[in-house]
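Following: one structure in structure tokens, then a few remarks.
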Amino acid sequence: MSDLRDRSGRGRRAARPQKSPFWRRPAAASTGVARHGRLKDGGAVRAVTKVVAASVAVLLVSGASVGAIAAYQVRSDLGTGVELQAAKGQTNKAAPPSISEYEGGFNILVVGTDNDASQDEGAFGKRDATLNDVNILLHVSADHSNATAVSIPRDMVVPIPSCAKEDGSGYYSAMAARPINEAYSYGGLSCVASTVSALTGLDIPFAGMISFNGVIEMSNAIGGVPVCAATPIKDRYTGLDIPAGESVLSGADALAFLRTRHGVGDGSDLGRISSQQVYLSSLLRTVKSADTLSNPTKLYSLARAAASNMTLSDGLTKIDTMVQIGLALRDLPLDDVNFVQYPGTTGGTGVYAGKVQPDTAVANQLFDAIKSDVPFSIPEGSTGIGSESTAPAATEAPAATGAPAASAPTSSAPAGTAAPADPGTGTETSAPSTEVIQGLTGQTAADQTCSVAFGSK
């Protein structure tokens with residue numbers, strides 16, 4: 001097993017016991033790389049910030065206890081919530097009275113749509129349908145010691161169950177193989193939750209949907225998010241133009257960074273996901289920084305910006321539940337929060353032509369580990385095609401003359417700690433190893449990474 005470490009020497013772990021308007025453009029021809037055939041980049045990424053940004057902000061803000069008045073005002077913004085109706089043949093488990101009583105941890109689905117009644121059609125274009133272009137499933141382990149955020153590519157072809165119609169008149173027909181971003185069209189937020197639950201095998205009691213303006217408001221409320229570019233990145237479709245190195249992005253600039261597909265990686269949505277993780281990990285570091293958590297005004301602004309731009313399931317509109325979730329997440333170490341991409345491949349044929357085909361072998365390893373709270377790690381250097389690590393590669397220390405070369409440690413135990421003793425013999429035993437899931441891409445929230453320009457990786 002590998003001992004993956006960032007520059008601090010800590011192991012990487014998870015699951016453990018307004019610039020220019022963004023006009024519509026023709027869809028790119030299929031080249032074997034997954035691309036969005038119906039709509040432009042806009043919806044997907046605008047949603048992403050709102051996605052984990054809003055989720056993390058609301059949860060951390062609640063956990064930090066901004067105050068009774070603030071909580072009341074934020075509660076007013078949240079509304080009554082949306083009931084997550086079960087698909088035909090499925091049942092929803094009754095919610096336990098406390099977050100700590102969810103067996104195997106708890107899960108929150110955050111969905112970003114590309115259409116909103118209040119959006120500016122002149123800037124974002126008119127949509128003839130609403131698609132769930134961003135789908136991120138956040139799993140928090142049973143002992144609340146770690147979390148994993150799984151981004152599901154919008155063009156991944158999956159089964160969509162027979163979801164309940166929004167007006168209560170019956171059910172839509174089930175479909176065996178459709179892009180996951182069509183699920184919202186067949187039953188709204190409930191259908192997205194049912195589809196992701198069937199895909200991952202995880203119960204989803206909580207879900208939130210994000211509006212277009214959230215990214216701008218969230219990034220402004222936090223004072224900007226620092227992001228790194230390995231080389232200059234330009235994208236004429238989104239208006240993104242940033243130099244190499246670090247840039248602090250807010251407002252429309254943050255939106256453009258998260259939207260860019262043509263500007264990063266290989267121009268696909270898979271490259272955009274790994275580039276987005278550069279932003280999301282930095283966002284989480286910023287939200288958890290002392291500068292944010294010690295600033296009640298900033299915390300309150302974050303909570304209001306998130307609450308005002310989210311539609312939540314009814315379970316998430318309860319302040320006591322939100323506070324419990326916030327407390328569960330507040331003290332998570334950054335290197336125990338993983339951002340990963342649902343395993344998938346491109347270049348398929350038939351229903352997978354021009355789309356993303358699930359890699360079921362790798363996905364099964366990932367979700368078996370999540371369900372069982374088994375430690376797992378991302379292979380070193382596997383950030384994805386839209387980003388790269390800034391940490392130097394691990395090297396072995398030179399051996400003293402005549403002495404054998406030192407081997408790399410195989411334990412995930414922190415440096416400086418002794419291995420536990422076997423109670424029967426008193427001798428030291430090996431610390432449990434962290435499983436490395438080959439084929440998995442992503443990064444921890446502690447990893448320092450940079451987005452890479454289109455064609456440079």
Side-chain angles (χ1 to χ4, degrees), residues 4 6 10-17 48-49 51-64 98-111 134-152 196-197 200-208 273 276-289 292-293 306 315-316 321-342 363 365-378 412 434-435 437 440-447 449:
L4 305 180
D6 58 22
R10 300 189 63 178
R12 293 171 54 191
R13 299 177 294 141
R16 196 181 53 184
V48 166
T49 320
V51 162
V52 177
S55 301
V56 169
V58 169
L59 302 181
L60 291 175
V61 168
S62 299
S98 171
I99 291 295
S100 62
E101 295 180 40
Y102 276 91
E103 294 184 7
F106 61 91
N107 306 301
I108 305 173
L109 175 67
V110 189
V111 175
V134 172
N135 307 276
I136 298 182
L137 180 61
L138 175 66
H139 171 80
V140 180
S141 66
D143 62 1
H144 302 168
S145 67
N146 54 77
T148 301
V150 184
S151 294
I152 304 173
V196 174
S197 179
T200 63
L202 298 174
D203 293 322
I204 302 176
F206 306 115
I273 286 177
Q276 289 168 355
Q277 290 171 347
V278 173
Y279 182 98
L280 295 175
S281 60
S282 180
L283 171 66
L284 184 54
R285 293 192 295 269
T286 302
V287 170
K288 288 175 68 68
S289 70
T292 300
L293 293 180
L316 273 182
T321 299
M322 196 168 289
V323 169
Q324 290 178 32
I325 293 174
L327 291 172
L329 296 180
R330 182 180 59 182
D331 297 324
L332 277 175
L334 291 171
D335 57 4
D336 288 332
V337 179
N338 266 16
F339 293 100
V340 301
Q341 181 176 291
Y342 190 103
Q365 292 182 65
L366 170 64
F367 288 101
D368 284 348
I370 287 176
K371 294 171 194 173
S372 304
D373 276 351
V374 174
F376 74 85
S377 293
I378 303 164
S412 60
T434 298
E435 176 187 8
I437 301 180
L440 190 64
T441 63
Q443 66 170 90
T444 74
D447 291 337
T449 54

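Quick note: numbers below take in every heavy atom, side chains included, and nothing from hydrogens, waters or symmetry partners. Numbers for residues simply follow the sequence, beginning at 1.
- Remark: side-chain polar atoms of S141 are not paired, donor with acceptor, to backbone N or O of A147 under 3.5 angstrom.
- The shortest distance between side-chain heavy atoms of T200 and V150 does not fall below 4.5 Å.
- No side-chain donor-acceptor contact under 3.5 Å links S282 to the backbone of V278.
- Using bins of under 30°, 30° to 60° and over 60° for the plane-to-plane angle, the ring pair F367/Y342 lands in the tilted bin.
- The number of heavy atoms from other shown groups lying within 6.0 Å of CD (E101) is above 12.
- Inter-residue side-chain proximity for I204 and L137 is flagged as met; some heavy-atom pair is nearer than 4.5 Å.
- The side-chain heavy atoms of T449 and Q277, taken from C-beta on, include no pair separated by under 4.5 Å.
- Side-chain contact between I108 and V140 is absent, with no heavy atoms from C-beta onward closer than 4.5 Å.
- Put simply, CD1 on I370 and OG1 on T148 are 5.0 Å apart, with the number rounded to the nearest 0.5 Å.
- The nearest pair of heavy atoms linking L334 to T444 is O-CB, 4.1 Å.
- The heavy-atom pair separating V196 from I152 by the smallest distance is CG1-CD1, 3.8 Å.
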After noting the C-alpha distance and the side-chain angles of T321 and F106, does the key distance pass the side-chain contact (heavy atoms from CB on, under 4.5 Å) rule?
-> CA-CA 12 Å; T321 299; F106 61 91; over 6 Å; no

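- Between S281 and Q443, the shortest heavy-atom distance links the atoms OG-NE2, 3.0 Å.
- Note: I99 CD1 to I325 CD1 = 4.0 Å, rounded to the nearest 0.5 Å.
- In plain terms, the two heavy atoms of N338 and I378 that are nearest each other are ND2-CD1, 3.6 Å.
- A pairwise comparison of heavy atoms in H139 and N107 identifies ND1-OD1, 2.6 Å as the closest pair.
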Under the ring pair (Phe, Tyr, Trp, His ring centres under 6.0 Å) rule, what do Y102 and H144 come out as? Steps first, then yes or no, please.
-> CA-CA 11 Å; Y102 276 91; H144 302 168; 9.6 Å; no

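- The distance from atom CZ of R285 to atom CG of L283, rounded to the nearest 0.5 Å, is 9.5 Å.
- Minimum interatomic distance between P333 and S145 (heavy atoms only, all atoms of both residues): CD-O, 4.1 Å.
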